[in-house]
Student: 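Structure in structure tokens, see below.
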Amino acid sequence: QVQLVESGGGLVQAGGSLRLSCVASGRTFSNYAMGWFRQGAGQEREFVAQIHRSDGSTYYTDSVKGRFTISRDNAKSTMYLEMNSLKPEDTATYYCAASSHAYPGRYQDNYTSWGQGTQVTVSS
């Protein structure tokens, strides 16, 4: 399996921005579709965004459309999540995940590798 390590989380005021990174190792990164998920305190983990392994197509949950941008650099084995106009409700631990499916979407069972997470806290 591919190993994943997230970074870039932190504390930010509402309306601010953060950029998360997810570095992959151990397998050929471009063979995997990638996704971001998040889990708030006392909540279930939820889908945020997904990017295809090679064609760059993306898919977002409605609550982040227009504010978050998922991207990847296969040469660097790295995926990113640019988060703008952050809201307190975006506060969560953010996880990156890898899937051998071409379009794994929001279904967590389609993802076989997970990172340890990075905390994002948005203050009001």
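As a basis for the values below, the full set of heavy atoms in this structure was taken, side chains included, without hydrogen atoms, waters or symmetry mates. Nothing here was measured: the structure is a model prediction, and the numbers come from that model.
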Student: Is there a side chain to side chain contact (heavy atoms under 4.5 Å, CB included) between Glu89 and Val122? Walk through the geometry before answering.
Tutor: CA-CA 8 Å; Glu89 52 263 43; Val122 184; over 6 Å; no

Student: Can you check side chain to side chain contact (heavy atoms under 4.5 Å, CB included) on Glu6 and Tyr94, steps first, answer last?
Tutor: CA-CA 8 Å; Glu6 304 96 335; Tyr94 283 70; over 6 Å; no

Student: On a heavy-atom basis, which atom in Leu18 and which in Val12 lie closest, and how many Å separate them?
Tutor: CD1-CG1, 4.0 Å

Student: Of Leu81, Thr91, Leu20, which meets side chain to side chain contact (heavy atoms under 4.5 Å, CB included) against Val120?
Tutor: Leu20

Student: At their closest point, which heavy atom of Ile70 faces which heavy atom of Met79, and how far apart are they?
Tutor: CD1-SD, 3.9 Å

Student: What is the minimum heavy-atom distance between Ser63 and Arg38, and which atoms define it?
Tutor: OG-NH2, 3.5 Å

Student: For a 4.5 angstrom cut-off between non-hydrogen side-chain atoms, does Arg53 reach Arg72?
Tutor: yes

Student: Tell me whether Tyr95 shares a hydrophobic cluster with Ile51, the cluster being built from Ile, Leu, Val, Met, Phe, Trp, Tyr side chains joined at under 4.5 Å.
Tutor: no

Student: Do the side chains of Tyr80 and Phe29 join up, straight or via other hydrophobic residues, at under 4.5 Å, putting them in one cluster?
Tutor: no

Student: Could you tell me the separation between the CZ atom of Arg19 and the OG1 atom of Thr69, rounded to the nearest 0.5 Å?
Tutor: 10.5 Å

Student: For Ala33 and Ala102, work out which heavy atoms get closest and say how close.
Tutor: CB-O, 3.7 Å

Student: Among residues at least two apart in sequence or on other chains, which ones pass side chain to side chain donor-acceptor pair (under 3.5 Å) with Gln108?
Tutor: Arg45

Student: Under 4.5 Å between any side-chain heavy atoms of Ser71 and Glu82, yes or no?
Tutor: no

Student: Restricting to ring pair (Phe, Tyr, Trp, His ring centres under 6.0 Å), what partner residues turn up for Tyr59, sequence neighbours left out?
Tutor: Phe47

Student: Output yes when a side-chain donor or acceptor of Ser113 lies under 3.5 Å from a complementary backbone atom of Val2, and no otherwise.
Tutor: yes

Student: What are the two closest heavy atoms between Met34 and Cys22, and how far apart are they?
Tutor: CE-SG, 4.1 Å

Student: Would you call Asp90 and Lys87 a salt bridge, taking side-chain N to carboxylate O under 4.0 Å as the test?
Tutor: no

Student: Quick one: pull up CZ in Phe68 and OG1 in Thr58 and give me the separation to the nearest 0.5 Å.
Tutor: 14.0 Å

Student: Parallel under 30°, tilted from 30 to 60°, perpendicular over 60°: which one fits the rings of Phe37 and Tyr111?
Tutor: perpendicular

Student: Checking Thr118 side chain against Ser7 main chain: does a donor-acceptor pair fall under 3.5 Å?
Tutor: no

Student: Distance check, rounded to the nearest 0.5 Å: Leu86 atom CG versus Ser123 atom OG?
Tutor: 10.0 Å

Student: For His101 and Tyr103, indicate whether the former's side chain and the latter's backbone hold a donor-acceptor pair under 3.5 Å.
Tutor: no

Student: Are more than 12 heavy atoms from other residues, nucleotides or ligands located less than 6.0 Å from atom CG of Asp109?
Tutor: no

Student: If you round to the nearest 0.5 Å, how far is OG of Ser17 from CG of Asn84?
Tutor: 3.5 Å

Student: Determine the minimum heavy-atom distance between Tyr60 and Ala49, stating which atoms define it.
Tutor: CD2-CB, 3.6 Å

Student: Establish, yes or no, whether the cationic atom of Arg27 lies under 6.0 Å from the six-membered ring centre of Tyr32 and within 45° of the ring axis.
Tutor: no

Student: What verdict does the side chain to side chain donor-acceptor pair (under 3.5 Å) test give for Thr93 and Gln39, after you've listed the backbone C-alpha separation in whole Å, the side-chain angles of each residue and the deciding distance to 0.1 Å?
Tutor: CA-CA 5 Å; Thr93 301; Gln39 186 170 20; over 6 Å; no

Student: Distance from Trp114 atom CH2 to Cys96 atom SG, nearest 0.5 Å?
Tutor: 9.0 Å

Student: Checking side-chain polar atoms at under 3.5 Å, does Asp73 have a donor or acceptor matched by the opposite partner on Thr78?
Tutor: no

Student: To the nearest 0.5 Å, tell me how far Gln50 CD sits from Trp36 CH2.
Tutor: 14.0 Å

